[in-house]
Amino acid sequence: QMADPFLYDTGERSHYGCLGHEVQIEYLKAYVCRPSFSTDKAVIVVHDVFGWLFPDIRYIVDLIAGHGYITICPDFFKGTEPWKSTDHWPDFPDWMKNHDPMKVDKEADVVLKYLKEQCGAKKIGIVGFSWGGMAVHHLMLKNPQLTAGVSLYGRIVRDSEERYRLLNPTFFIFGEKDHTISLDQIFLLEDKLKQYCKVPYKIKVYPGQVHGFAQLKPEDMKPDDKPYIEEARRDMIDWIKMFV
């Protein structure tokens, strides 16, 4: 029996009124929020297992847009069912087989093309949470068009040294109490990046934080976690501002 890796309760979320709108890009639906002024900088947000409609992820899109970026969260599940809090954990491995975070290249290309051709974006960063954090790690190894990446608590896949040859600056954010990612794995990641990575990277572990901590809306935060959540978001935005 696999422990529930999402320690925040997704059942009791406060309602969120979004600031952006939905668009259709080729075969993908996407949620887009633009800043109040025109810009040629953009950020792609990769959702977690709960998908592109989940209020927490839309809140993050709006938050990043508020810092001056055209921000977009495409449906990387391409219209298939996201994981739901009512689903059964024993089914999760099968669900993951059909929702592989390493198979996002085609969707990323579609969105990059849209951002460049329709939105006039010249510099594009990417941020992803959990499932999306894994996707970001993958894309930062494969797609040189992404100027910078932030991977938040993406499970660490151990394999060849190819996993560490990042193409552009990448920041890895983890929670200390995330029971899907051990501190040993994080130390190993750091070790391998030191060995193989030729671009700026950063790894930071936030004390006492569980999986999924950084995408909570303010009214859903616990007082003890709030400083760390806010720090992680500031750090994420600072990384984007430094490189995008």
Side-chain angles (χ1 to χ4, degrees), residues 1-16 18 22 27-31 43-64 71-108 110-111 126-140 149-158 163 172-175 177-182 185-186 206 209-217 220-221 225 229 232-233 236:
Q1 168 67 21
M2 181 178 158
D4 179 344
F6 304 99
L7 294 186
Y8 63 85
D9 177 10
T10 57
E12 298 170 31
R13 321 303 283 150
S14 52
H15 178 71
Y16 179 63
C18 302
E22 293 179 7
Y27 63 96
L28 291 177
K29 284 195 161 80
Y31 173 69
V43 174
I44 299 168
V45 173
V46 192
H47 53 70
D48 62 14
V49 296
F50 299 116
W52 76 297
L53 293 166
F54 197 54
D56 292 10
I57 212 72
R58 298 203 163 189
Y59 171 77
I60 295 289
V61 171
D62 295 353
L63 181 87
I64 296 171
T71 312
I72 185 166
C73 178
D75 175 13
F76 279 95
F77 297 161
K78 307 179 286 255
T80 65
E81 281 290 298
W83 185 256
K84 292 182 294 303
S85 48
T86 49
D87 290 339
H88 302 294
W89 283 110
D91 303 333
F92 190 68
D94 279 343
W95 181 90
M96 272 295 273
K97 280 193 195 87
N98 300 315
H99 299 83
D100 185 344
M102 311 300 163
K103 295 195 172 134
V104 288
D105 304 85
K106 191 167 166 247
E107 288 69 50
V110 167
V111 175
I126 190 165
V127 170
F129 297 81
S130 184
W131 187 94
M134 295 176 77
V136 166
H137 184 163
H138 167 78
L139 288 165
M140 293 310 292
V150 184
S151 168
L152 293 94
Y153 32 83
R155 245 189 21 244
I156 299 167
V157 180
R158 257 184 228 207
R163 297 277 311 152
F172 296 89
I173 286 176
F174 298 105
K177 295 263 172 10
D178 186 330
H179 68 276
T180 67
I181 301 162
S182 70
Q185 289 177 306
I186 297 171
Y206 295 77
Q209 297 308 296
V210 299
H211 194 84
F213 78 97
Q215 69 240 57
L216 286 169
K217 300 194 297 303
D220 298 321
M221 293 176 188
D225 298 329
I229 295 169
R233 287 183 186 165
M236 169 184 86

Show your reasoning for whether side chain to side chain contact (heavy atoms under 4.5 Å, CB included) applies to Q215 and Y59. CA-CA 8 Å; Q215 69 240 57; Y59 171 77; over 6 Å; no
Within the 4.5 Å heavy-atom criterion, are W131 and W83 side-chain neighbours or not? no
Taking the side chain as everything from C-beta on, heavy atoms only, tell me whether I126 gets closer than 4.5 Å to L139. yes
Y206 and D178 side chains, donor-acceptor separation under 3.5 Å: no
Could you grab the distance from atom CG of L53 to atom CG of D75, nearest 0.5 Å is fine? 7.0 Å
Search all heavy atoms of H99 against all heavy atoms of E81 and return the closest pair with its distance. NE2-O, 3.4 Å
Side chains of P82 and F54, heavy atoms from C-beta outward: is any pair under 4.5 Å? no
Gap between atom CG of D100 and atom NE2 of H138 - 0.5 Å precision: 8.5 Å
What do the steps show when you test F77 against W95 for ring-ring contact (aromatic ring centres under 6.0 Å, His included), and what is the final call? CA-CA 11 Å; F77 297 161; W95 181 90; 5.3 Å; yes
Any L152 side-chain heavy atom under 4.5 Å of V127 side chain: yes
Say whether, by atom type as modelled, one donor and one acceptor occur between the side chain of H47 and the main chain of F76 under 3.5 angstrom. yes
For H137, the ring-ring contact (aromatic ring centres under 6.0 Å, His included) test, sequence neighbours excluded, returns F172
Shortest non-hydrogen contact from M140 toward G149: CE-N, 3.5 Å
Do N98 and T80 come close enough that some side-chain heavy atom pair is under 4.5 Å? no
Shortest non-hydrogen pair, P101 vs M96, comes out as CD-CE, 4.0 Å
For A214, is there any backbone N or O sitting under 3.5 Å from a side-chain donor or acceptor partner on R233? yes
Side chain to side chain, I156 and F174, heavy atoms closer than 4.5 Å: yes
For side chain to side chain contact (heavy atoms under 4.5 Å, CB included), just list the numbers for F213 and I173, CA-CA rounded to whole Å, side-chain angles, deciding distance to a tenth of an Å, and then say yes or no. CA-CA 10 Å; F213 78 97; I173 286 176; 4.0 Å; yes
Is there a side-chain contact between E107 and P74, using heavy atoms and a 4.5 Å cut-off? no
Kindly indicate, with the supporting measurements, whether the criterion side chain to side chain contact (heavy atoms under 4.5 Å, CB included) is fulfilled by F129 and I57. CA-CA 9 Å; F129 297 81; I57 212 72; 3.6 Å; yes
Any I72 side-chain heavy atom under 4.5 Å of V61 side chain: no
Closest contact, heavy atoms only, V136 versus G128: CG2-N, 3.3 Å
Under the criterion side chain to side chain contact (heavy atoms under 4.5 Å, CB included), I'd like the reasoning laid out for M236 against I64: C-alpha separation, chi angles, the key distance, then a yes or no. CA-CA 9 Å; M236 169 184 86; I64 296 171; 4.0 Å; yes
R155 (side chain) donor-acceptor with I181 (main chain) under 3.5 angstrom: no
Nearest heavy-atom pair of H211 and Y153: which atoms, and what distance? CE1-O, 3.3 Å
